[in-house]
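As the structure is a prediction and not an experimental result, all values here were calculated from the model.
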Number of protein chains: 2
Amino acid sequence: MSAKAQRPRPKTRIQREKQEVILEAALDVFSQFGFRGSTIDQIAEAAGMSKPNLLYYFKSKEDIHAPLLARILDTWLEPLREMSPEGDALSEIRSYIRRKLEMSRDFPRESRLFANEMLRGAPGFYEILHTDLKTLVDEKALIITGWMAEGRLARCDPYHLIFSIWATTQHYADFDIQVQAVLGSERGGDNRFEDAALFLDQLYLHGLTPK
Amino acid sequence: MSAKAQRPRPKTRIQREKQEVILEAALDVFSQFGFRGSTIDQIAEAAGMSKPNLLYYFKSKEDIHAPLLARILDTWLEPLREMSPEGDALSEIRSYIRRKLEMSRDFPRESRLFANEMLRGAPGFYEILHTDLKTLVDEKALIITGWMAEGRLARCDPYHLIFSIWATTQHYADFDIQVQAVLGSERGGDNRFEDAALFLDQLYLHGLTPK
DNA sequence: GTCTATATATTGATAGAC
DNA sequence: GTCTATCAATATATAGAC
């Protein structure tokens with residue numbers, strides 16, 4: 001939303017739709033090869049248009065990449081934002097895990113785009129992580145710590161708890177190829193996400209239930 | 001080791017050392033930008049030599065990348081191989097986690113190189129995952145299932161258990177920049193791996209202790 | 001808005017002097 | 001073995017016709 005404001009806002013509906021087609025194609029490409037490894041040609045082909053035509057809508061490679069990145073962190077943290085101090089501790093954590101896993105299932109390319117950025121050290125992105133992201137995580141860590149103090153949750157490091165949830169859920173998007181290779185055709189089908197959901201639910205339920 | 005056999009073995013010790021310098025530099029670069037996003041120029045500069053000089057030792061970009069990839073899976077799976085059916089179930093799992101986390105701490109670039117390959121769909125690598133890796137995981141999954149049948153471990157899906165261990169431990173290498181950004185300078189120092197080890201140990205101890 | 005043509009820079013790789 | 005020079009291919013981006 002705020003990302004749109006960076007470039008002159010699209011005038012017509014057609015323009016906006018074309019831009020969406022391009023961003024969609026770019027997400028395919030960038031999420032696989034990262035920024036440096038992707039070419040405008042690849043994106044143009046994926047978008048079904050010529051390179052100059054694509055560059056009519058976005059004046060540079062960076063201009064295609066930036067809005068994708070800008071919208072992703074917001075989407076990605078939505079499930080964490082929903083974690084409420086009012087709810088039941090274990091239920092809140094478990095449904096956070098479920099929602100996060102659903103995001104990996106439904107938006108794997110976004111997850112991989114993000115992962116690519118992390119791998120190269122998040123240039124021009126670190127500030128946001130260190131401010132916006134850190135603030136949100138600090139806030140939620142406090143809630144979790146509160147739950148532990150009330151005896152509703154086993155005591156543990158809330159930051160590493162959150163990291164472990166990020167890791168386990170995003171793994172199914174980022175390392176999907178490996179997951180499928182190991183599970184094989186029999187079990188790698190569509191229910192790998194259900195199996196993962198069951199496993200993670202149990203792991204964290206038993207792992208976090210106060211003793 | 002078997003990777004070396006693919007190209008004519010180096011004659012002198014000097015040659016071998018130069019190749020090592022190059023591979024070391026290449027690991028730095030490839031692990032950040034992936035294969036396509038890295039340039040021979042970058043690698044040459046990191047290795048402190050000219051591009052033609054580097055290409056005297058490795059005749060192509062692919063030839064630098066391949067041996068790095070070949071040696072990595074072996075190293076990476078070493079801790080899993082060590083998991084023994086003779087040992088105590090919970091201890092075996094916990095020390096597997098500890099060793100795997102140590103690898104993320106000690107070989108973060110290798111982890112990121114691997115992650116980069118997964119993100120682009122592991123071209124020319126999938127076969128190995130589907131055969132060698134799957135075979136090893138199948139074997140260890142059987143052991144784990146055996147432990148569960150004996151009541152030494154809480155029942156759960158052994159494959160997703162292994163995935164979750166991979167995910168949580170590799171996260172500290174692959175997403176290090178994010179971990180550091182969130183923890184901040186106070187806690188992001190050198191003990192983030194110790195904190196992670198403590199957290200994971202507790203999570204899996206409680207999560208996997210039979211009820 | 002979309003195309004062909006092209007300018008300009010970067011990249012993978014080689015030739016050949018030393 | 002290492003260097004300078006360079007080639008051919010690819011890449012980002014623009015010009016200008018339609």
Can A:Arg16 and A:Glu20 be counted as an ion pair, charged N to O under 4.0 angstrom?
no
State whether A:Glu102 and A:Arg98 are salt-bridged, where the test is any N-O pair (Lys NZ or Arg NE/NH1/NH2 against Asp/Glu carboxylate O) under 4.0 Å.
yes
Provide the closest heavy-atom pair for A:Lys134 versus B:Leu183 in the form atom of the first, atom of the second, distance.
NZ-O, 4.2 Å
Closest heavy-atom pair, A:Leu208 versus A:Cys156, reported as atoms and distance to 0.1 Å, is CD2-SG, 4.0 Å
For atom CG of A:Asp63 and atom P of D:dT12, their distance in whole Å:
14 Å
In terms of side-chain heavy atoms, does A:Ser164 have a donor or acceptor partner in A:Tyr204 at a distance below 3.5 Å?
yes
Kindly assign one of parallel, tilted or perpendicular to the pair A:Phe125 and A:Phe114, based on the angle between their ring planes and the thresholds 30° and 60°.
perpendicular
Whole angstrom value for the distance that separates C1' of D:dT4 from CG of B:Leu55:
15 Å
In residues 31-39 of chain A, which ones come under 4.0 Å of DNA chain C, going by heavy atoms?
A:Arg36
With distance as the sole test, does A:His160 use its side chain to make a donor-acceptor pair with the main-chain N or O of B:Phe199 at under 3.5 Å?
no
Using chain A heavy atoms and a threshold of under 4.0 Å, write down where along DNA chain C the contacts begin and end, 5' to 3'.
C:dG1 to C:dT11
Kindly indicate whether the side chain of B:Gln170, heavy atoms from C-beta on, has any atom under 4.5 Å from the side chain of B:Lys100.
yes
Is the ring pair B:Phe30/B:His65 parallel, tilted or perpendicular, if the boundaries are 30 and 60 degrees?
perpendicular
Quick check on contacts: within residues 41-51 of chain B, what sits under 4.0 Å from DNA chain D by heavy-atom distance?
B:Ser50
Tell me whether the rings of B:Phe163 and A:Tyr172 are parallel (<30°), tilted (30 to 60°) or perpendicular (>60°).
perpendicular
Note: for A:Pro52 and B:Asn53 on DNA chain D, the residue whose nearest nucleotide lies more 5' is B:Asn53
